[in-house]
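We name chains A, B, ... by the order of the sequence lines, and we start the count at 1 in each one. Just so it is clear, the model here is predicted, and its values are computed rather than measured.
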Amino acid sequence: MPRSASESTQQSSDVGLLRGTLDLFVLKTLSWGPMHGLAILQWIERVTKQRLQIEEGALYPALHRMEEKGWLEAEWGHTDAGRRAKFYRLSPVGRRQLTAELARWNQYAEAAALILEARGGST
Amino acid sequence: MSPARWNLRRVFRLPSTRRRLHDDVEAELAFHLEGRVEELMRDGWTREEAEREARRRFGDYARIELEVERMTLESERRRTMRDRVDGVMADVRYASRSLARQPVFAAVVIVTLTLGVGAAAAIFHALDRVVLHPLPYPDAERIVYLGTRWGKERPIGAVPPGRFQFFHDNNRVFEALATLRTFNAQLGDDDSGTPVEGARVSEDLLKVLGAKPLLGRGLVSRDYEPGAPPVAVLGHALWATRFGADSGIVGRAIRLDGRLYSVAGVLPASFEVVEVQSPLAVVLPLVLSSSDLEDRGANYTAIGRLRRGVTDAQVGEDVASMFGAYRRQFPERVEKDDGVAVMTYEQIFAADLVSQLWIMLGATLFVFLLACANVANIVYARALTRRREFAVRAALGAGRSRIVRQVLMEMLLLGVASTIAATAASLASVRGLVALARGALLRESQLRLDPRVVVVTTIVAVAASLVIGLVVGLAATRAGYTRSLVGSARTSGLGGSSAHRGARGVLVGLESALAMVLLAGAGLLISSFLNVLRVDGGFRREGIYTASLSRPPRDYSNAEVSRRFEQRVLERLRATPGVISAGATATLPLRRGWNLPTTVQGHNDLSEGATEFRAVSPGYLGMMDIPILAGRDLAETDVAANPPVVLVSEAYAKRFFPGASPIGQRVLVGCYKGCPDRHPTPMEVVGVVRDLRDASLEQARPRRTIWVSWVQAGGDMSRVPAFVVRASDPGVASSALRRAIAEADPRMTPPDIMAMSDIVSASLSWRRFSMVLMACFAGLALALTCVGIYGVAAYAVSQRVQEIGLRMALGARPASVVALVVRQGTTPAALGLIVGLGLALYLTRVLSKLLFGVGPRDPLSFATVALVLLGVAVAASYLPARRAARVDPAGALRAE
């Protein structure tokens with residue numbers, strides 16, 4: 001059954017993973033260098049100390065979508081173990097996108113913090 | 001993974017198959033799962049457990065695989081499309097840069113194609129409107145006219161009213177059959193009213209045309225019943241101008257010729273009765289009285305809509321059997337050689353125009369082919385100078401198809417540019433066509449820009465460009481063109497270049513042949529025109545000025561009123577200084593005239609159906625320098641009260657009174673083979689008038705004509721005559737005519753004043769139309785051929801500078817070099833000329849009907865145009881020849 005990429009991303013987002021944040025994580029992860037899909041997940045797991053649950057399969061539609069948008073470039077290559085894998089890397093467009101997304105995320109987080117930390121009844 | 005790999009961008013992207021895309025997706029996902037399984041197994045999981053866990057963490061594998069695969073396919077499709085568009089855009093950019101580098105080349109090609117296509121488009125345009133879609137009505141191909149055919153003559157588009165009624169009541173093939181009769185009337189109060197032109201129409205006219213009223217209703221059965229309240233339907237123009245497009249007009253009363261009519265409805269703007277030149281102001285019901293039905297002399301337009309699906313054969317059969325029944329029922333209404341015909345619009349109103357337009361379309365086809373040949377020639381020349389560029393591109397890996405594609409793309413751009421220019425040009429020239437054909441049936445409304453014509457123009461121009469591009473591209477890249485890289489263009493192409501010269505020679509020959517045909521056609525039409533101009537109609541043209549009147553006030557139906565008016569005008573004219581003489585006539589020369597049946601009294605067999613009938617004032621013949629050969633002229637005493645007299649033309653006298661003097665004989669006018677049922681007053685022949693060509697200068701022989709005094713003509717032959725003066729000064733003549741008429745009756749609408757020479761000129765408008773068009777086409781052809789010959793000769797000289805230098809170093813004189821180049825330049829043109837001569841001898845037959853005083857194979861015309869063409873060919877190759885003769889032998893040889 002056909003459905004749009006964004007719809008499926010949203011559906012497969014797990015608890016704690018806000019819409020669009022998977023894209024941001026992937027962009028951020030790839031900013032360290034080219035990786036294949038599994039490596040991206042492993043990197044996120046390592047950094048978050050496995051605190052974030054991600055439906056792993058959802059990564060791939062996201063990767064392909066970002067490739068189509070021109071944020072990522074993909075190329076088949078070989079892992080250190082000599083296995084054929086598809087590597088993704090950030091394109092210049094993707095790098096600009098990452099900067100923009102980060103700024104937006106920070107603004108969001110600050111605003112969210114202001115609300116959550118505000119004390120009632122002021123003004 | 002070395003970073004350097006990432007710098008290797010995919011320059012050559014291999015097209016991916018669906019299969020490969022599927023495998024890639026599967027491999028990527030499988031790699032993920034496998035990696036996880038290995039990781040888990042390293043943590044101590046068993047293989048089965050690890051696989052299950054990896055699957056669980058992955059989620060819905062099948063769905064994700066499907067989704068990713070779909071996205072991949074989609075993006076691949078988009079990428080291919082983008083690549084293709086990018087490729088085309090790159091070609092377009094390359095082609096436009098390449099054209100921009102040689103703007104003169106581009107301009108010459110565009111102008112040439114525009115002329116070729118534009119000429120054809122303009123004529124096609126006119127033909128389309130006149131022939132293919134003449135009537136602005138739905139299913140117009142079912143609209144036909146009922147007409148009369150006399151013997152073998154061309155049918156006329158009118159029938160006597162009785163015949164219309166019989167066919168209306170008895171036919172089986174018409175869905176509706178209607179008739180109409182135009183009239184002039186005063187709208188509004190009697191004295192201050194405006195004259196308008198209207199028509200009385202029978203019940204089904206709107207049904208025949210398929211037109212719907214804009215407001216209110218059309219005329220319906222009850223409007224035709226005896227004693228019905230009088231109603232009128234207004235024409236759109238009158239409604240808009242006179243009544244301010246008032247939507248509440250329906251039901252209001254208008255006054256026409258003093259009678260009140262209630263407005264039933266308003267016709268749409270598109271309503272157009274083709275045989276009426278000006279838009280109808282008002283439409284009234286037409287009821288045929290029993291005396292109308294018996295009137296055999298009246299001509300009514302009968303227009304019908306055929307039933308859907310009836311064939312021409314069925315129509316012919318039904319009409320023939322009906323005519324048989326009609327003949328049996330009313331034998332006295334049918335004459336010998338009398339018949340009916342069903343005609344289309346174009347057969348009646350545009351037959352001459354249509355055949356001329358077809359001929360002109362044929363001529364534009366020649367111009368078009370010539371333009372194509374010329375463009376091919378120019379493009380070919382350019383392709384040859386670009387052989388090095390092509391060779392370099394080929395060496396860099398561009399295939400032949402790639403290079404041909406580039407030439408094609410350039411031609412496509414030029415073709416599109418030409419289409420735009422040709423559309424504009426045809427639109428502009430359509431105005432010219434109308435001006436040229438003024439007075440003829442080509443109306444402005446028939447010459448709007450039609451989207452279908454634009455589509456056809458585009459297709460033709462672009463297709464021609466592409467064919468030229470393809471042919472030239474393939475020819476210029478024949479085997480061996482890559483050798484141009486080795487050595488100079490000259491040495492590499494010695495053999496090739498003569499082959500190329502041959503190809504271009506063929507093109508020049510083709511151009512000359514086509515030009516020869518067009519020149520021959522133009523030559524014949526021009527000499528025909530000159531022949532017609534030399535025809536003496538037998539009447540004076542110089543110093544003759546005419547004033548035609550239309551729409552006289554209502555009381556002019558009284559013969560006494562109109563006679564008094566004529567007398568008053570003539571008196572005033574004769575009293576005006578500067579006016580040498582003045583007269584009146586019902587029929588101006590070369591204008592549509594009257595004809596009537598005549599019978600020699602007492603000899604019912606000495607009769608004919610259509611004798612030309614001219615009603616003039618006494619003195620008119622003398623003023624027009626028309627001599628009386630025997631007897632006397634009409635006199636002032638030949639008035640209604642005195643016995644009626646008639647003058648007959650030489651031809652009439654010869655036909656009916658051979659070997660005897662007609663003077664004193666009597667003629668029954670308006671009677672065919674005597675008329676037992678009526679008793680017209682016999683008119684006594686008192687004189688014989690010299691034969692004229694006053695129906696048309698081109699008429700083969702003078703028509704049999706009778707001349708009567710205007711005041712004795714009687715009937716409603718003409719309620720008001722045209723006035724004619726002889727004067728030395730046109731200004732004096734026109735102001736005298738204008739003033740005399742206005743003073744004689746201030747209610748009269750201002751006259752239409754024309755010099756006789758302009759009437760002669762206007763009568764030749766058709767001939768001028770075809771002559772000017774053909775001459776334009778021929779001139780265009782000549783110019784294009786000239787350019788073609790020049791181009792080839794100039795190229796040949798530029799290719800042979802060294803050879804010429806060598807010849808001159810060896811002692812050749814400049815004159816012999818000139819002769820050599822001219823000979824070689826002219827030869828293909830001369831060969832083409834001979835072919836064209838043969839073709840022209842065969843083709844000019846189609847012009848036969850348009851020729852006058854010259855045969856379609858007139859040797860003088862053919863010889864003249866052949867010499868002109870040859871002269872142009874020599875002149876066109878003489879310029880490059882002179883350049884060749886100035887070649888400096890030492891310099892040319894050193895350049896080796």
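- When every heavy atom of B/Val68 is checked against every heavy atom of A/Pro61, the shortest pair comes out as CG2-N, 3.7 Å.
- The residues A/Arg46 and B/Glu39 are annotated as not salt-bridged, no charged nitrogen and carboxylate oxygen being separated by less than 4.0 angstrom.
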Compile the donor-acceptor pairs under 3.5 Å between side chains in residues 27-41 of chain A and protein atoms, sequence neighbours left out, one pair per line.
residue	atom	partner	partner atom	Å
A/Thr29	OG1	A/Phe25	O	2.5
A/Ser31	OG	A/Lys28	O	2.5
A/His36	ND1	A/Ala39	N	3.3

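- Here the closest heavy-atom approach between residue A/Trp76 and residue B/Glu28 is recorded as CH2-N, 3.7 Å.
- Per-residue heavy-atom pair counts under 4.5 Å with chain A were compared for B/Glu38, B/Arg56, B/Glu65, and the maximum is reached by B/Glu38.
- Residues passing the ring-ring contact (aromatic ring centres under 6.0 Å, His included) test with B/Tyr94, sequence neighbours excluded: none.
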A/His64 and B/Thr72: CA distance, side-chain angles, deciding distance, side-chain contact (heavy atoms from CB on, under 4.5 Å) verdict: CA-CA 7 Å; A/His64 281 263; B/Thr72 324; 3.9 Å; yes
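- With a 4.5 Å cut-off on non-hydrogen atoms, B/Leu33 does not touch chain A at all.
- Proximity of B/Glu74 to A/Glu68: side-chain heavy atoms (C-beta onward) are nowhere separated by under 4.5 Å.
- The shortest distance between side-chain heavy atoms of A/Lys86 and B/Phe31 does not fall below 4.5 Å.
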